[in-house]
S.K.: 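Quick one: the structure is below, questions incoming.
No hydrogens, no waters, no symmetry mates; every other heavy atom, side chains included, goes into these values. Numbers restart at 1 for each chain; the letters A, B, ... are given by sequence-line order, proteins then strands.
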There are 2 protein chains.
Amino acid sequence: MVSRGRPRDMQVDERVLRIAAALMLERGYAGLSIDEVAEQAGAAKTTLYRRWPTKDHLAVAVVARLQADDEIADTGDIRADLVNYLEKIAAGLNRMRAAGHRQGPSAGTVGELVAAAARHEDIGRLTREQYAERNALALALIERARVRGELRADLDAEALFDQMAGALYYRVMITGAPVDRAYAERLVSSALEGNLTCH
Amino acid sequence: MVSRGRPRDMQVDERVLRIAAALMLERGYAGLSIDEVAEQAGAAKTTLYRRWPTKDHLAVAVVARLQADDEIADTGDIRADLVNYLEKIAAGLNRMRAAGHRQGPSAGTVGELVAAAARHEDIGRLTREQYAERNALALALIERARVRGELRADLDAEALFDQMAGALYYRVMITGAPVDRAYAERLVSSALEGNLTCH
DNA sequence: TGGATTACGCAACTACAGTTTCGTAATTGG
DNA sequence: CCAATTACGAAACTGTAGTTGCGTAATCCA
């Protein structure tokens, strides 16, 4: 009892996502027009709406394809592992860069996605799950480093992770400053070594 | 040569901002309709657009009125000062809570504002200036603590501030977890004391 | 008083997201 | 082959942001 009725044309999905990605990266979120995507893909609007119930859903799908879900390495050197991890997050953020946009280019796209997650329960649930999954990997990394004695026994892993990941998002969305490997190293140094005078 | 022609009716500004704030806090950003605001304020749409060229501009004005620009205290205790500072940022974020919205309520509004700043150069410039101004106060606070020996001489003030402020924004927008005084204290502790094993 | 200037209200208009209706095409199961 | 089911395309429709044109009201300056 699988797949009754006329099957979906999978080529439509592919064409639409490709065209939507091109429009979005070139003209930003606002420049992504359902009418235009449908026309360029040679499909009716109703066909698009059957797959993605809103423009937000389509945009999320487009961005999801841009985000390579990389492996997270545990080399035993917590500093190097965290830097690599943050660099991957930064790369994902930089990848949604919209050409025509001012202020640290990907800010607009990230902001729109946050707004989309707030507008639609399902998108919010989905993205929160994905973030939780990603965070769990980082928290496990931190926990292992704590167990083997690299990190202090009484650390606040959640605060530590929020600090580092948050700084990246803050930079991209608020200050518009670049996020790259050099910045990731500064973050890890500051977070690990602390800022009080040595005693 | 001041004020030629018919003067603007300032009561319109007041009524519009009040009504827009009510709509936005009750129904969220998407629930803020220019037509509805104009009707409830007893003004024509053109009158609104003369003051705020887009809905984004009106929304920014509404949120700006919600943000009390508090004083930042320098008591000589950097830990307490930072906690108070972060708590004020958190209060500002919590204040844009939109009733009808899922996921850590103010996430949607903050995301929309980030998107608005990316869509319009003037809004982007304005908000970045305001953030820079606020950050300068925090950076000065940190610098004074460094000079008087409370903080380490070689600290990275920018990274330190980004970490703490970023964690608040990250929580609000991404994980949807609450930001309050207790969380501010955890952040300051983690950031100041560091996370390496004590030597 | 009158002209220049700016604000206001009204109505019609465009653009785009999203919906609905309906006729048609492709597939499965009996 | 036939019925049920699902996909597709086309067109008309609604709602809202934003624009435009125009007649009118209020103010300043000469």
S.K.: Considering only side-chain heavy atoms of Ala44(B), which listed nucleotide, dA17(D), dG9(C), dA7(D), is closest?
M.R.: dG9(C)

S.K.: If I take atom CD in residue Glu112(B) and atom C1' in nucleotide dA17(D), what distance separates them, rounded to the nearest angstrom?
M.R.: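 One finds 14 Å between C1' of dA17(D) and CD of Glu112(B), rounded.
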
S.K.: Just to verify, what does Arg125(B) make a salt bridge (Lys or Arg N to Asp or Glu O under 4.0 Å) with, not counting sequence neighbours?
M.R.: none

S.K.: Roughly how many Å is it from CD in Gln11(A) to C1' in dC8(D), rounded to a whole number?
M.R.: 14 Å

S.K.: Which nucleotide sits closest to the side chain of Arg50(B): dG18(C), dC8(C), dA26(C)?
M.R.: dC8(C)

S.K.: State which residues pass side chain to side chain contact (heavy atoms under 4.5 Å, CB included) with Ile72(A); sequence neighbours excluded, sorted by chain then number.
M.R.: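 With neighbours one apart ignored, the set is Tyr85(A), Leu137(A), Leu141(A).
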
S.K.: Atom CG of Asp13(A) and atom C1' of dA7(D): how far apart are they, to the nearest Å?
M.R.: 12 Å

S.K.: If you find the nucleotide of DNA chain D closest to Val12(A) and the one closest to Lys55(B), which residue's nucleotide is nearer the 5' end?
M.R.: Val12(A)

S.K.: Report yes if some heavy atom in the side chain of Val110(A) is under 4.5 Å from a heavy atom in the side chain of Met173(B); otherwise report no.
M.R.: no

S.K.: State which residues pass salt bridge (Lys or Arg N to Asp or Glu O under 4.0 Å) with Arg134(A); sequence neighbours excluded, sorted by chain then number.
M.R.: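 Partners of Arg134(A) under the salt bridge (Lys or Arg N to Asp or Glu O under 4.0 Å) test: none.
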
S.K.: Name the closest nucleotide to the Arg4(B) side chain, picking from dT6(C), dA17(D), dA17(C).
M.R.: dT6(C)

S.K.: For Asp9(A) and dT27(C), give me the distance from atom CG to atom P, rounded to whole Å.
M.R.: 10 Å

S.K.: Going by side chain to side chain contact (heavy atoms under 4.5 Å, CB included), name the residues that satisfy it together with Lys45(A), two or more places apart in sequence or in a different chain.
M.R.: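 Lys45(A): side chain to side chain contact (heavy atoms under 4.5 Å, CB included) contacts with Ile34(A), Asp35(A), Ala38(A), Tyr49(A).
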
S.K.: Hey, what do you get for CG (Asp74(A)) to CD1 (Ile142(A)), rounding to the nearest 0.5 Å?
M.R.: 11.0 Å

S.K.: If hydrophobic clusters are built from ILVMFWY residues whose side chains come within less than 4.5 Å, do Leu126(B) and Leu58(B) share one?
M.R.: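 In one cluster with Leu126(B): Leu58(B), no.
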
S.K.: Between P on dA7(C) and CG on Leu48(B), what's the gap in Å once rounded to a whole number?
M.R.: 14 Å

S.K.: Rounding to an integer number of Å, can you tell me how far Trp52(B) CH2 sits from dT19(D) P?
M.R.: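 That distance rounds to 15 Å.
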
S.K.: Determine: side-chain N/O of Ser33(B) to OP1/OP2 of dA17(D), distance under 4.0 Å, yes or no.
M.R.: yes

S.K.: May I have the distance from His120(A) (atom NE2) to dA17(C) (atom P), rounded to whole angstrom?
M.R.: 13 Å

S.K.: Would you please name every residue forming a side chain to side chain contact (heavy atoms under 4.5 Å, CB included) with Glu143(B), sequence neighbours left out?
M.R.: Arg146(B), Val147(B)

S.K.: Just to be sure I understand the rule, does Leu58(B) reach a base, reach only the sugar-phosphate, or reach nothing, if contact means heavy atoms closer than 4.0 Å?
M.R.: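 Nothing, no heavy atom under 4.0 Å.
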
S.K.: If you restrict it to nitrogen or oxygen atoms, what contacts under 3.5 Å exist between nucleotides 19-25 of chain C and the protein, and what is each distance?
M.R.:
residue: dA25(C); atom: N3; partner: Arg6(A); partner atom: NH1; Å: 3.3

S.K.: Pairs in or reaching into residues 75-86 of chain B: which pass salt bridge (charged side-chain N to carboxylate O under 4.0 Å, His left out), with residues at least two apart or in two chains?
M.R.: Arg79(B)-Glu193(B)

S.K.: For Ile34(B) and for Thr47(A), locate the closest nucleotide of DNA chain D by heavy-atom distance; then report the residue assigned to the nucleotide nearer the 5' terminus.
M.R.: Thr47(A)

S.K.: Does dT6(D) have its OP1 or OP2 closer than 4.0 Å to a side-chain nitrogen or oxygen of Arg8(A)?
M.R.: no

S.K.: Quick check on contacts: within residues 36-43 of chain A, what sits under 4.0 Å from DNA chain C by heavy-atom distance?
M.R.: none

S.K.: Considering only residues two or more places apart or on different chains, which pairs with a residue in residues 164-183 of chain A satisfy ring pair (Phe, Tyr, Trp, His ring centres under 6.0 Å)?
M.R.: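 Only Tyr169(A)-Tyr170(B), Tyr170(A)-Tyr169(B) qualify under ring pair (Phe, Tyr, Trp, His ring centres under 6.0 Å).
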
S.K.: Met10(B) has an atom CE; how far is it from atom C1' of dT27(D), in whole Å?
M.R.: 14 Å

S.K.: If only side-chain N and O atoms of Arg51(B) are considered, is one of them under 4.0 Å from the OP1 or OP2 phosphate oxygen of dC8(C)?
M.R.: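 It does, given that an N or O in the side chain of Arg51(B) lies less than 4.0 Å from OP1 or OP2 of dC8(C).
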
